[in-house]
Enquirer: 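I'd like to ask some things about the structure below.
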Amino acid sequence: MADRYVRVKTSQGQVHYGLLELNQSVQVLNAAPWLGGEPNGELLAPDTYQLLAPCEPSKIVAVGKNYSAHAAEMGGEVPKEPIIFLKPTTTIIAPDDEIAIPPQSKRVEYEGELALVIGSRCFNLTPKQAIAAIWGYTIANDVTARDLQRSDSQWTRGKGFDTFCPLGPWIVQEISPTAMIQTFVNEFKKPFQSAAIEEMVFAPDYLVSYISQIMTLLPGDIILTGTPEGVGPMQEGDRIYIEIEGIGKLQNTVVLRSPLPVDDDDIEELEVDT
């Protein structure tokens, strides 16, 4: 099995990067692995930590319509160049954390994706140079308020709510281009999404090169590479499972966020009207 790099929080509240062992113990690293972190000799027992999202990026750069069939199901053509957008880092949640459906939206959908982890500062790279800039791979769910995405002239609101980027459970450094990405909902045996990552319109090295010609990518930054066809709505209580061969499984439960707050002035007006 490939090395699995994690980020964990101990029962004492300390946060560490580490290497996950087969028995679920964690070898603590003295820094993020893409910054040269090495084991410091400390070992965390399985019941003494919780998994966090595996990195803390300065930004999340996401790619839209990067699978032909998904572009078609969204009612569009395959783009001639990558369509990119940003998700705020406050969208990130850990494995098993809850995805919160906001009251502003009536249709929130899952989008299982392969996520690239950048390992070094890079700008204006060629695709060949970009290969070396990809330190590793993890799993993401590019959660989307589809009704808001369609009603707005851009995607920031529909893609940017807190909890809209589950990430993890860990990072691996190698993945086969034929690896399958699949999304399951609840206990259904048949995946709602299923495709090989080699079906991407724009390959990972091309994406990193393209994005680096626009903005500087920093160590630990995340690039979401697009989702296959089969996106669909999530409801309160749903359990979403995204699996990628060679990485593992990302699991999250769906809840409803609290209703929008009401100002005191609004309450007074309501009392007067009644």
Side-chain angles (χ1 to χ4, degrees), residues 51-57 59-67 70-71 73-74 76 83-117 137-152 154-169 181-186 188 191-195 197 200 221-244 247-260:
L51 280 179
L52 302 176
C55 61
E56 293 183 286
K59 54 188 168 293
I60 306 164
V61 188
V63 180
K65 299 182 179 180
N66 199 30
Y67 288 80
H70 175 61
E73 77 174 342
M74 290 292 101
I83 298 172
I84 65 171
F85 57 94
L86 296 173
K87 289 175 77 84
T89 55
T90 48
T91 59
I92 294 175
I93 59 173
D96 291 315
D97 279 356
E98 295 175 333
I99 300 167
I101 295 178
Q104 296 95 322
S105 177
K106 302 302 181 186
R107 186 179 177 93
V108 174
E109 298 186 352
Y110 55 79
E111 292 191 8
E113 307 200 8
L114 174 70
L116 313 179
V117 182
Y137 307 87
T138 189
I139 305 171
N141 187 349
D142 178 20
V143 179
T144 304
R146 192 70 67 199
D147 52 348
L148 303 183
Q149 181 193 25
R150 286 172 171 156
S151 66
D152 294 351
Q154 44 72 41
W155 298 357
T156 301
R157 183 167 66 134
K159 298 279 192 175
F161 286 95
D162 285 5
T163 76
F164 271 25
C165 190
L167 195 65
I181 176 171
Q182 297 185 307
T183 301
F184 298 85
V185 180
N186 299 324
F188 287 96
F192 286 71
Q193 294 183 284
S194 183
I197 60 174
M200 291 180 192
D221 279 354
I222 290 290
I223 295 176
L224 308 186
T225 58
T227 195
E229 70 171 325
V231 299
M234 302 185 297
Q235 309 295 333
E236 180 185 15
D238 282 348
R239 186 78 171 167
I240 310 299
Y241 306 83
I242 302 172
E243 297 184 21
I244 299 182
I247 301 179
K249 179 190 296 183
L250 174 65
Q251 307 178 46
N252 297 91
T253 301
V254 181
V255 299
L256 295 180
R257 203 174 82 181
S258 300
L260 296 175

Enquirer: What distance separates T253 OG1 from N186 CG, expressed to the nearest 0.5 Å?
Expert: 9.0 Å
Enquirer: Do the side chain of Q193 and the main chain of T227 share a donor and acceptor less than 3.5 angstrom apart?
Expert: no
Enquirer: Which atom pair, heavy atoms only, marks the closest approach of G160 to P88?
Expert: O-CG, 3.5 Å
Enquirer: Is there a donor-acceptor pair closer than 3.5 Å between any side-chain N or O of N252 and the backbone N or O of E98?
Expert: no
Enquirer: How long is the straight-line distance from CG of N141 back to CD1 of I93, given to the nearest 0.5 Å?
Expert: 8.0 Å
Enquirer: When rounded to the nearest 0.5 angstrom, what is the spacing between CD1 in I197 and OH in Y67?
Expert: 6.5 Å
Enquirer: Where is the tightest heavy-atom contact between A115 and A140, given as atom of each residue plus distance?
Expert: CB-CB, 4.1 Å
Enquirer: Can you name the one residue among L167, I139, I244 that meets side chain to side chain contact (heavy atoms under 4.5 Å, CB included) with L250?
Expert: I139
Enquirer: Between CZ of R239 and CE of M234, what distance do you get to the nearest 0.5 Å?
Expert: 12.5 Å
Enquirer: Are V231 and H70 packed together at the side-chain level, in the sense that at least one heavy-atom pair is separated by less than 4.5 angstrom?
Expert: yes
Enquirer: Please determine, by modelled atom types, if Q182 and S194 share a side-chain donor-acceptor pair under 3.5 angstrom.
Expert: yes
Enquirer: Compare all side-chain heavy atoms of M200 with those of L114 and state whether any distance is below 4.5 angstrom.
Expert: yes
Enquirer: Looking at T144 and D142, would you say the former's side chain and the latter's main chain have a donor-acceptor pair under 3.5 Å?
Expert: yes
Enquirer: Check whether any side-chain heavy atom of T163 sits under 4.5 Å from a side-chain heavy atom of T91, and report yes or no.
Expert: no
Enquirer: Determine whether I242 and E113 satisfy the following criterion, side chain to side chain contact (heavy atoms under 4.5 Å, CB included), listing intermediate values before the conclusion.
Expert: CA-CA 8 Å; I242 302 172; E113 307 200 8; over 6 Å; no
Enquirer: Is any side-chain heavy atom of S151 less than 4.5 Å from a side-chain heavy atom of R157?
Expert: yes
Enquirer: K159 side chain to K87 main-chain N or O, any donor-acceptor pair under 3.5 Å?
Expert: no
Enquirer: Taking C-beta and beyond as the side chain, do D238 and Y110 meet within less than 4.5 Å on heavy atoms?
Expert: no
Enquirer: Counting C-beta onward and ignoring hydrogens, is there a side-chain heavy-atom pair between T138 and C55 closer than 4.5 Å?
Expert: no
Enquirer: Is the shortest side-chain heavy-atom distance between P57 and I92 below 4.5 Å?
Expert: yes
Enquirer: If you take all heavy atoms of P228 and G112, which pair is closest and at what distance?
Expert: CD-O, 3.4 Å
Enquirer: Would you indicate whether the side-chain heavy atoms of I60 and L86 approach each other to under 4.5 Å?
Expert: no
Enquirer: What heavy-atom pair brings G158 and L148 nearest, and what distance separates the two atoms?
Expert: CA-CB, 4.2 Å
Enquirer: Please determine whether side chain to side chain contact (heavy atoms under 4.5 Å, CB included) holds for the pair L224 and V61, giving the CA-CA distance in whole Å, both sets of side-chain angles, and the decisive distance to 0.1 Å.
Expert: CA-CA 6 Å; L224 308 186; V61 188; over 6 Å; no
Enquirer: Can you tell me how far the NZ atom of K249 sits from the CZ atom of F184, to the nearest 0.5 Å?
Expert: 8.0 Å
Enquirer: Give a yes or no answer on whether the side chain of Q251 reaches the backbone of D96 with a donor-acceptor pair at less than 3.5 Å.
Expert: no
Enquirer: Assess whether side chain to side chain contact (heavy atoms under 4.5 Å, CB included) is satisfied between Y241 and T183, documenting all intermediate values.
Expert: CA-CA 6 Å; Y241 306 83; T183 301; over 6 Å; no
Enquirer: Taking it one step at a time, do V63 and T225 satisfy side chain to side chain contact (heavy atoms under 4.5 Å, CB included)?
Expert: CA-CA 5 Å; V63 180; T225 58; 5.6 Å; no
Enquirer: Kindly give the heavy-atom pair with the smallest separation between P95 and G168, and that separation in Å.
Expert: CG-CA, 4.2 Å
Enquirer: Could you report the tightest heavy-atom contact between P102 and F164, atom names first, then the distance?
Expert: CD-CZ, 3.7 Å
Enquirer: Indicate yes or no for a side-chain donor-acceptor contact from D221 to the backbone of K59 under 3.5 Å, with no hydrogens or angles considered.
Expert: yes
Enquirer: If you round to the nearest 0.5 Å, how far is CG of L256 from CD of Q235?
Expert: 9.0 Å
